[in-house]
Amino acid sequence: SNVAVYWGQGYNQDRLSHFCQESTLDIIILGFINVFPEAVGDWPGSNFGNQCDGTVYEGTELLEGCHQIWEDIPSCKAMGKTVLLSLGGEGATTGVLDHETALGFPRPFQNNTIDGFDFDVESDGGHGYGSMITRFREHYASYPEENFYISGAPQCEIPDAQLGYAIDHAAFDFIWVQFYNTPSCSAASYFDLTDGFNFDAWVAVVLSSANPSAKLYIGLPADPTSAYYLTEDQVTELVGKYMLLYPDTFGGIMLWEATAADNNVDAQGLTYTEQMKEVLYY
Ligand SMILES: CNC(=O)NC(=N)Nc1ccccc1
């Protein structure tokens with residue numbers, strides 16, 4: 001099973017190549033394309049924290065000076081990483097992506113080196129995401145020799161207000177549930193009296209979704225100051241239980257996010273990511 005991390009919004013974050021060199025990481029999700037086109041023909045916008053030079057394509061919010069990222073993606077893939085580009089993120093302008101706008105979402109990702117797209121839609125979700133993912137699948141089909149992926153980061157309440165429809169009607173490869181940010185179903189609630197952690201119910205969602213063989217990941221915060229943070233021992237107990245309960249559907253652990261995980265070092269000098277890898281291969 002895999003460790004997936006979000007990268008692009010970390011405090012004083014290192015360039016992508018630094019994380020590509022970490023053997024513990026399998027999937028790196030670049031965040032974010034955080035402005036969606038309001039209408040067909042509009043351009044999306046992007047934000048990668050401290051990583052780009054601030055210049056945008058004329059008249060858009062789309063960053064054009066992300067040289068380090070575009071330089072690092074090919075080498076990241078050469079090191080065996082799966083690199084996905086995430087659409088959305090906290091506070092993103094995701095607009096009501098209707099069917100037409102969804103199909104018209106321009107793909108200004110000048111290079112085609114990314115392995116797929118992640119949907120981290122946290123507000124204003126429309127039903128366009130199902131159409132958009134179906135359209136992505138049609139594009140993917142014209143490159144049968146390539147492996148392209150679609151992933152999603154729903155909140156843990158079921159059905160997820162933004163992605164629930166898309167998960168039921170369009171094929172995802174990975175679903176990393178944000179078992180944080182929502183008290184009622186967080187992984188942390190497994191350890192308190194409420195015990196609302198709902199991985200079992202999420203397995204049922206996947207098995208009745210458009211792609212029952214999608215892999216389901218446990219999403220966790222990597223920052224020890226986060227309200228929903230789990231200690232290494234708590235992750236060992238929780239993940240140890242669910243990875244054995246659902247060996248076919250359990251895909252691994254997703255962390256928000258890469259820099260926080262790097263900076264979170266335990267008494268043995270292991271980063272949080274290395275601790276997660278130990279849990280998965282325990
Ligand atoms: C995968 N997407 C996220 O994790 N989005 C998000 N809103 N993350 C977040 C986690 C902790 C504090 C603030 C934001």
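Order of appearance sets the numbers: ligands from 1, and atoms from 1 within every ligand. Every value quoted in this text rests on a predicted model; they were computed, and no experiment measured them.
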Peer 1: Using atom types as modelled, flag every donor-acceptor pair under 3.5 Å from a side chain in residues 255-263 to any protein atom, sequence neighbours excluded.
Peer 2:
| from | atom 1 | to | atom 2 | distance (Å) |
| --- | --- | --- | --- | --- |
| Glu257 | OE1 | Thr259 | N | 3.1 |
| Glu257 | OE2 | Thr259 | N | 3.4 |
| Glu257 | OE2 | Ala260 | N | 2.9 |
| Asp262 | OD2 | His18 | NE2 | 2.6 |
| Asn263 | ND2 | Thr259 | O | 3.2 |

Peer 1: Return each pair, listed once, that meets disulfide (SG to SG under 2.5 Å) where at least one residue sits in residues 129-226; pairs must be two or more places apart or across chains.
Peer 2: Cys156-Cys185
Peer 1: Does the ring center of Phe250 lie less than 6.0 Å from the ring center of Tyr242?
Peer 2: no
Peer 1: Test Asn47 against Gln9 for side chain to side chain donor-acceptor pair (under 3.5 Å), laying out the working first.
Peer 2: CA-CA 8 Å; Asn47 178 297; Gln9 299 300 317; 3.0 Å; yes
Peer 1: Are there over 12 heavy-atom neighbours, none belonging to Glu58, within less than 6.0 Å of that residue's CD?
Peer 2: no
Peer 1: Write out the protein residues near ligand 1, meaning a non-hydrogen atom under 4.0 Å from one of its atoms, in order of chain and number.
Peer 2: Tyr6, Glu90, Asp120, Glu122, Gln178, Tyr180, Asn181, Trp256
Peer 1: I'd like a table of donor-acceptor pairs (distance under 3.5 Å, sequence neighbours excluded) in which one partner is a side-chain atom from residues 206-218, with atom names and distances.
Peer 2:
| from | atom 1 | to | atom 2 | distance (Å) |
| --- | --- | --- | --- | --- |
| Ser208 | OG | Ala204 | O | 3.0 |
| Ser208 | OG | Val205 | O | 3.3 |
| Ser209 | OG | Val206 | O | 2.7 |
| Ser209 | OG | Asn211 | N | 3.1 |
| Ser209 | OG | Asn211 | O | 3.3 |
| Asn211 | OD1 | Ser213 | N | 3.2 |
| Asn211 | OD1 | Ser213 | OG | 2.7 |
| Asn211 | ND2 | Phe172 | O | 2.6 |
| Lys215 | NZ | Asp248 | O | 2.5 |
| Tyr217 | OH | Asn2 | ND2 | 3.3 |

